[in-house]
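Okay, structure first, notes after.
In what follows, chains are A, B, ... by sequence order, proteins preceding strands, each numbered from 1.
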Number of protein chains: 2
Amino acid sequence: MSQRKARTVKPVAREARQVPMRDFSQSLPMALLRAREAVMRQFRPSLRQHGLTEQQWRILRALAAVDAIEVTELARVAFLLGPSLSRILRDLEARGLIQREADARDLRRGVLSISTKGLKLIAQVAPNSEAIYASIARRFGARKLAALHKMLDELERSMGSDVAFGGDTDE
Amino acid sequence: MSQRKARTVKPVAREARQVPMRDFSQSLPMALLRAREAVMRQFRPSLRQHGLTEQQWRILRALAAVDAIEVTELARVAFLLGPSLSRILRDLEARGLIQREADARDLRRGVLSISTKGLKLIAQVAPNSEAIYASIARRFGARKLAALHKMLDELERSMGSDVAFGGDTDE
DNA sequence: CGCAAAAACTTAACATGTTAATCATTCGCC
DNA sequence: GGCGAATGATTAACATGTTAAGTTTTTGCG
């Protein structure tokens with residue numbers, strides 16, 4: 001037991017593990033992740049039945065709300081990074097769910113719109129999706145839901161669009 | 001202008017696009033995603049400087065808080081799916097940041113612990129990370145932050161561990 | 001004992017997240 | 001007009017999310 005080199009790896013002793021960090025349970029990103037996952041777990045099966053991922057669904061919904069939209073603007077609205085959006089658009093276009101053409105005034109810009117087929121798919125998924133949302137609002141409470149939305153919005157605003165703390169650059 | 005087949009794809013007319021869905025701005029998953037991203041944007045650069053991803057950091061923190069832990073339990077605590085965890089553990093072990101051995105009583109189970117090297121890395125990152133967290137708490141308000149945590153926890157609980165609404169199975 | 005079912009991981013396969021690099025087009029300016 | 005910088009979008013490369021399938025070891029039980 002007092003050998004200098006143990007045959008099996010031994011955990012570092014508790015006294016040596018004292019690390020200057022708050023507990024995991026107080027991690028804000030973790031709390032947000034857990035809450036979001038709990039909500040998405042309700043929606044995913046329904047979307048999956050229709051062959052859609054969460055992100056694809058976001059894009060279709062965003063397109064259904066407008067006449068046409070540019071790629072960059074869609075990325076902003078659907079909250080997706082450019083590279084992810086590029087890949088998904090390629091797929092959705094191949095499936096005939098969306099249409100795309102170049103902006104005549106600026107050939108760099110792509111203009112997107114939803115297709116009739118895409119609209120039909122939305123019409124199929126929407127009722128179920130709305131029912132799930134209603135169920136969530138009922139269980140959690142519409143009042144509290146509104147309050148939560150407000151706080152999340154405030155949190156986002158208070159972070160600003162920049163990074164607030166540089167810290168030890170160290171190199 | 002009255003040709004039956006336009007040479008360029010035309011957006012579906014507005015009247016035909018009326019879809020039975022609430023607006024994007026009221027999407028709870030979207031609000032949670034945006035808030036989380038706003039927060040994570042503060043932490044990512046610091047983690048990145050030390051060659052860590054968000055998930056790797058979660059694992060190291062979780063390991064630092066205990067003597068040793070099984071893979072499945074770590075997945076639960078760090079909120080990662082098994083396959084993701086498997087990959088990350090392989091990488092962290094190769095980098096010497098964690099240790100692993102098999103449970104002598106049940107060879108299926110892997111027992112993990114953080115290494116001295118891992119602890120040193122945590123000690124390097126933690127101060128910056130804590131400073132960022134403090135900055136967030138200060139900007140958003142400690143009171144509001146606690147209230148938000150409470151609501152997120154309640155939301156998660158109200159979703160339950162199951163899916164509450166079956167919906168149109170349809171096939 | 002022996003063997004089918006369950007449990008704990010891991011691997012596989014494909015979609016998305018994330019940053020950096022690249023490509024094509026347009027803009028600003030001389 | 002022409003050319004370097006800026007812009008819009010895509011591609012590349014690697015990490016993780018997500019579901020299904022596979023592997024190894026245990027369990028439960030006839």
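For the atom pair CZ (A/Arg61) and CD1 (A/Ile122), the distance works out to 8.5 Å, reported to the nearest 0.5 Å. Once rounded to the nearest 0.5 Å, the distance linking CD1 of A/Ile114 with CG of A/Leu92 reads 9.0 Å. The distance from atom CG of B/Leu47 to atom CG of B/Leu52, rounded to the nearest 0.5 Å, is 6.0 Å.
Where B/Leu107 and A/Glu37 each meet DNA chain D at their nearest nucleotide, the meeting point lying more 5' is that of A/Glu37. With DNA chain C read from its 5' end, the first of the two nearest nucleotides for B/Glu73 and A/Thr53 is the one closest to B/Glu73. Of the two residues contacting DNA chain D, namely A/Glu54 and A/Gly110, the nearest-nucleotide position lying further toward the 5' end is that of A/Gly110.
When all heavy atoms of B/Ser27 and A/His149 are compared, the closest pair comes out as O-CE1, 3.7 Å. Nearest heavy atoms, B/Ser115 versus B/Gly96: OG-O, 2.7 Å. Smallest separation of non-hydrogen atoms from A/Ser113 and A/Asp67: CB-O, 3.5 Å. In this structure, A/Met30 and B/Phe79 approach most closely via the heavy-atom pair SD-CB, 3.8 Å. Residue B/Ala78 comes nearest to B/Ile59 through the heavy atom pair CB-CG1, 4.5 Å, listed as atom of the first residue, atom of the second, then distance. The shortest non-hydrogen separation linking B/Ala147 to A/Met151 is CB-CE, 3.9 Å.
Residues of residues 80-90 of chain A that place a heavy atom closer than 4.0 Å to DNA chain C, in numerical order, are A/Leu80, A/Leu81, A/Pro83, A/Ser84, A/Arg87, A/Ile88.
Annotation: B/Lys150, atom NZ; neighbour count of heavy atoms from other residues, nucleotides and ligands within 6.0 Å does not exceed 12.
One interatomic measurement links the two molecules: CZ of A/Arg48 to P of D/dT19, which rounds to 6 Å at whole-angstrom precision. With rounding to whole Å, A/Glu70 atom CD is found 16 Å from D/dT10 atom C1'. Summarising the geometry, the separation between CG on B/Asp103 and C1' on D/dT25 is reported as 12 Å, rounded to the nearest angstrom.
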Per-nucleotide protein contact string for nucleotides 1-6 of chain D (B base, S sugar-phosphate only, - none; heavy atom under 4.0 Å)
-----B

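Here B/Arg34 pairs with A/Glu156 under the side chain to side chain donor-acceptor pair (under 3.5 Å) rule; sequence neighbours left out.
For DNA chain C, the contact window with chain A, defined by any atom under 4.0 Å from a protein heavy atom, covers C/dA15 to C/dT26 in 5' to 3' order.
Rounded to 10°, the angle separating the first-five-pair axis and the last-five-pair axis of the helix from C/dC1-D/dG30 to C/dC30-D/dG1 equals 10°.
No path of Ile, Leu, Val, Met, Phe, Trp and Tyr side chains, each step under 4.5 Å between heavy atoms, connects A/Ile98 with A/Val111, placing them in separate hydrophobic clusters.
Every pair passing salt bridge (Lys or Arg N to Asp or Glu O under 4.0 Å) that includes a residue from residues 79-91 of chain A is listed here, sequence neighbours excluded: A/Asp91-A/Arg95.
Contacts of A/Gln56 with the nucleic acid, taken as non-hydrogen atoms under 4.0 Å apart, involve only primed sugar atoms and P, OP1 or OP2.
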